[in-house]
Amino acid sequence: MTAYLDMNATSPVSKEVADLVYRLMVEEYGNAGSRTHEFGALAKKHVETARKQVAEVVAADKSEVIFTSGATESNNIAILGIKDFAEQENKKHIITTRIEHKAVLEPIEHLENNGFEVSYLDVGESGLVDPKQLNALLRDDTVLVSIMHVNNETGCIQPMNDICEALKFNDAYLHVDAAQSFGKLSECLKNDRVDLISASGHKVYAPKGIGALIMRKRGFIKPPLKPIQFGGGQEKGLRPGTLPVPLIAGFGLACELAIKNADKWQTYASLLKQSLMVELDKVGAHYNGENTSPYVLNFSVSGVNSESLMVSLKGIAAVSNGSACTSSSYTPSHVLTAMGLDEDRITGAVRISWGYMTESLPINEIVEKIKQIQI
């Protein structure tokens, strides 16, 4: 059986979560907006329980959680939703990086095309930002800083606490795309200088199609976001649409399980990673990025093309060579390009990612296929 090693693209749904989602789909199927009967009241109760479970991952208040369809929508609301405030205050400068997910880069590009100025932090071969450069780029008219926590391609973990410290004396809102870290490497997301956090359920063993934007208040004042779509008034008017109660409840339970098991999962993931690297070292692998997540390894081997390796691994392991959201385009990775890696290293880059459900890695088979291609 093929080993699924593309957890950064999506995770399976845990059995506990799937059971709850199924029950709420076929038995307790009320609309949380229906206030006249017990079906609606029960649905609303499930939503509010989940809101608290999601908030607890990052030590937020449940009133700060807005449910969305996933991190892509959360990113768009966080970035495009600040436009009116920025124009009103004449603060139209944004700081980000070139290694962000397209769900951040493209909304920011839209604002740039509409009169905003954007500064990009460098990362270099390490894949990590320098908080000192961030501090140097900050201005009085900086309205938003958007930096992902864990990169989806390389797994590089950005120095979030240092980033927060650099913003200590600036009012710019800090948005963090935490799709790859929420529920897995969440500790520094508890820093109350992080204003906006985007999360996706399907990266943490919940269903696809559900996520959240956490809008942390400053004192009692919430971030000044405006909706980017309209109709219905749900989620405090910021994200309209009938709430998908089964998905929301499943996401909430997945978050509760993640809080309970995060340390154990990290330890297990690290052991898998170490065992893989020991063998890859023997074929001269270059590891792309530094300070990387225990759940992913992005590597290149001289003389090995990633497409050839992925084809040869069919029936053995499902791996990738970049973001699932852009894999159909067959363009060089914008992340590895921004890191300044050479063409051979970029075209040879393979991403292997796993989770607590991964029983083992077919390491010997992977290394053997690498050797065959090298020959």
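- Cluster annotation: Val278 and Leu5 are assigned to distinct hydrophobic clusters (Ile/Leu/Val/Met/Phe/Trp/Tyr, side-chain heavy-atom contacts under 4.5 Å, transitive).
- Checking side-chain atoms of Asn75 against main-chain N and O of Ala71 turns up a donor-acceptor pair under 3.5 Å.
- Residues Val176 and Met148 share a closest heavy-atom pair of CG1-C, 4.4 Å.
- Between Lys314 and Thr2, every side-chain heavy-atom pair lies at or beyond the 4.5 Å cut-off.
- Relative orientation of the Tyr173 and Phe85 rings is perpendicular, given thresholds of 30° and 60° on the angle between their planes.
- The two residues Gln53 and Leu253 come nearest to each other via the heavy atoms OE1-N, 3.4 Å.
- Under a 3.5 Å cut-off, the side chain of Thr292 and the backbone N or O of Gly289 do not form any donor-acceptor pair.
- Remark: Glu125 CD is loosely packed, at most 12 non-hydrogen atoms of other residues, nucleotides or ligands lying under 6.0 Å away.
- Proximity of Leu121 to Asp130: side-chain heavy atoms (C-beta onward) are nowhere separated by under 4.5 Å.
- The shortest non-hydrogen separation linking Gly183 to Val204 is CA-CG2, 4.2 Å.
- Placement of Val319 and Leu276 within a single hydrophobic cluster is found when ILVMFWY residues are connected by side-chain heavy-atom separations under 4.5 Å, directly or transitively.
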Salt bridge (charged side-chain N to carboxylate O under 4.0 Å, His left out) for Glu279 and Lys282? Distances and angles first, verdict last.
CA-CA 5 Å; Glu279 296 305 316; Lys282 297 175 183 178; 3.2 Å; yes
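- Between Glu56 and Lys62 no salt bridge is recorded (no basic side-chain N to carboxylate O distance below 4.0 Å).
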Assess the residue pair Ile99 and Gln158 against the criterion (side-chain contact (heavy atoms from CB on, under 4.5 Å)); give the C-alpha distance rounded to whole Å, side-chain angles, the decisive distance to 0.1 Å, and a yes or no.
CA-CA 11 Å; Ile99 61 167; Gln158 299 300 338; 3.5 Å; yes
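- Using a 4.5 Å heavy-atom threshold, the side chains of Ile79 and Phe116 count as separate.
- Val245 approaches Ala32 most closely through the heavy-atom pair CG2-CB, 4.0 Å.
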Are Arg23 and Asp19 close enough, and set up right, to give a salt bridge (charged side-chain N to carboxylate O under 4.0 Å, His left out), and what steps lead you there?
CA-CA 6 Å; Arg23 175 163 62 86; Asp19 288 345; over 6 Å; no
Working for salt bridge (charged side-chain N to carboxylate O under 4.0 Å, His left out), residues Glu365 and Lys369:
CA-CA 6 Å; Glu365 292 92 333; Lys369 291 297 182 183; over 6 Å; no
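- No continuous path of hydrophobic side-chain contacts links Ile228 to Phe67 [ILVMFWY only; heavy atoms under 4.5 Å].
- Here the straight-line distance linking atom CG of Asn170 with atom CG of Leu137 works out to 11.5 Å at 0.5 Å rounding.
- Looking at Asp177, its side chain does come within 3.5 Å of a backbone N or O of Ala179 through a donor-acceptor pair.
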Is there a side-chain contact (heavy atoms from CB on, under 4.5 Å) between Ile197 and Phe182 once you walk through the steps?
CA-CA 9 Å; Ile197 302 170; Phe182 194 84; 4.3 Å; yes
Decide side-chain contact (heavy atoms from CB on, under 4.5 Å) for His175 and Val145; before the verdict, give the C-alpha distance in whole Å, the side-chain angles of both, and the deciding distance to 0.1 Å.
CA-CA 6 Å; His175 167 245; Val145 175; over 6 Å; no
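- In Asp342, the CG atom is crowded: over 12 heavy atoms of neighbouring residues, nucleotides or ligands sit closer than 6.0 Å.
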What verdict does the side-chain contact (heavy atoms from CB on, under 4.5 Å) test give for Asn305 and Ile373, after you've listed the backbone C-alpha separation in whole Å, the side-chain angles of each residue and the deciding distance to 0.1 Å?
CA-CA 8 Å; Asn305 178 277; Ile373 294 172; over 6 Å; no
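- We find the OG-CG distance between Ser306 and Asn298 to be 9.5 Å, quoted to the nearest 0.5 Å.
- For the residue pair Glu235 and Val65, the shortest heavy atom distance occurs at OE1-O, 3.9 Å.
- Side-chain N or O atoms of Arg351 include one that pairs as donor or acceptor with a backbone N or O of Asn152 at under 3.5 Å.
- Side-chain contact of Gln180 with Glu153: a donor-acceptor pair under 3.5 Å is absent, judged by distance alone.
- Using a 4.5 Å heavy-atom cutoff, the side chains of Thr358 and Leu272 are in contact.
- Listed for the Ser353 side chain is a donor-acceptor partner under 3.5 Å among the backbone atoms of Met7.
- When atom types are taken as modelled, the side chain of Ser11 and the backbone of His202 share a donor-acceptor pair closer than 3.5 angstrom.
- Contact annotation: the side chain of Ile108 never approaches that of Leu105 to less than 4.5 Å [non-hydrogen atoms, C-beta and beyond].
- Using modelled atom types and a 3.5 Å distance limit, the side chains of Ser146 and Thr96 yield no donor-acceptor pair.
- Hydrophobic clustering, with ILVMFWY side chains joined whenever heavy atoms are under 4.5 angstrom apart, groups Met339 together with Ile147.
- Hydrophobic cluster membership is shared by Leu144 and Ile77, with clusters built from Ile, Leu, Val, Met, Phe, Trp and Tyr side chains linked at under 4.5 angstrom.
- A donor-acceptor distance shorter than 3.5 angstrom exists from the side chain of Asn114 to the backbone of His110, with no hydrogens or angles considered.
- Put simply, the side chain of Asp122 never gets that close to the backbone of Gly124: no donor and acceptor are under 3.5 Å apart.
- Summarising the geometry, atom CD1 belonging to Ile82 is positioned 6.5 Å from atom CG belonging to Leu196; distances are rounded to the nearest 0.5 Å.
- Between the side chain of Ser333 and the backbone N or O of Leu336, at least one donor-acceptor pair lies under 3.5 Å.
- From Asn191, atom CG reaches atom CD of Glu165 across 9.0 Å, with rounding to the nearest 0.5 Å.
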Test side-chain hydrogen bond (donor to acceptor under 3.5 Å, both in side chains) applied to Ser200 and Lys208, step by step:
CA-CA 8 Å; Ser200 269; Lys208 300 172 185 66; over 6 Å; no
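- Under the 3.5 Å distance criterion, the side-chain polar atoms of Asp141 are left unmatched by any main-chain donor or acceptor of His93.
- Look at Glu48 and Lys52 and you find no salt bridge, because none of the NZ, NE, NH1 or NH2 atoms lies under 4.0 Å from a carboxylate O.
- With a 4.5 Å cut-off on side-chain heavy atoms, Leu24 and Tyr22 do not count as touching.
- Note that Lys264 lies outside the cation-pi zone of Tyr356, set by a 6.0 Å cut-off to the ring centre and a 45° limit from the axis.
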Taking it one step at a time, do Asp263 and Tyr268 satisfy side-chain hydrogen bond (donor to acceptor under 3.5 Å, both in side chains)?
CA-CA 9 Å; Asp263 290 343; Tyr268 179 63; over 6 Å; no
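- The CG atom of Leu280 lies 8.0 Å from the CD1 atom of Ile363; values are rounded to the nearest 0.5 Å.
- For the salt bridge (charged side-chain N to carboxylate O under 4.0 Å, His left out) criterion with Asp195, the lone passing option out of Arg218, Lys217, Lys222, Arg216 is Arg218.
- Looking at Lys44 and Ser34, their side chains never bring a donor and an acceptor atom within 3.5 Å of each other.
- Taking all atoms of both residues into account, the shortest heavy-atom contact from Asn288 to Ser300 is ND2-OG, 3.1 Å.
- Here the straight-line distance linking atom NZ of Lys273 with atom CD1 of Ile352 works out to 11.5 Å at 0.5 Å rounding.
- With respect to the salt-bridge test (charged N to carboxylate O, under 4.0 angstrom), the residues Glu117 and Arg139 qualify.
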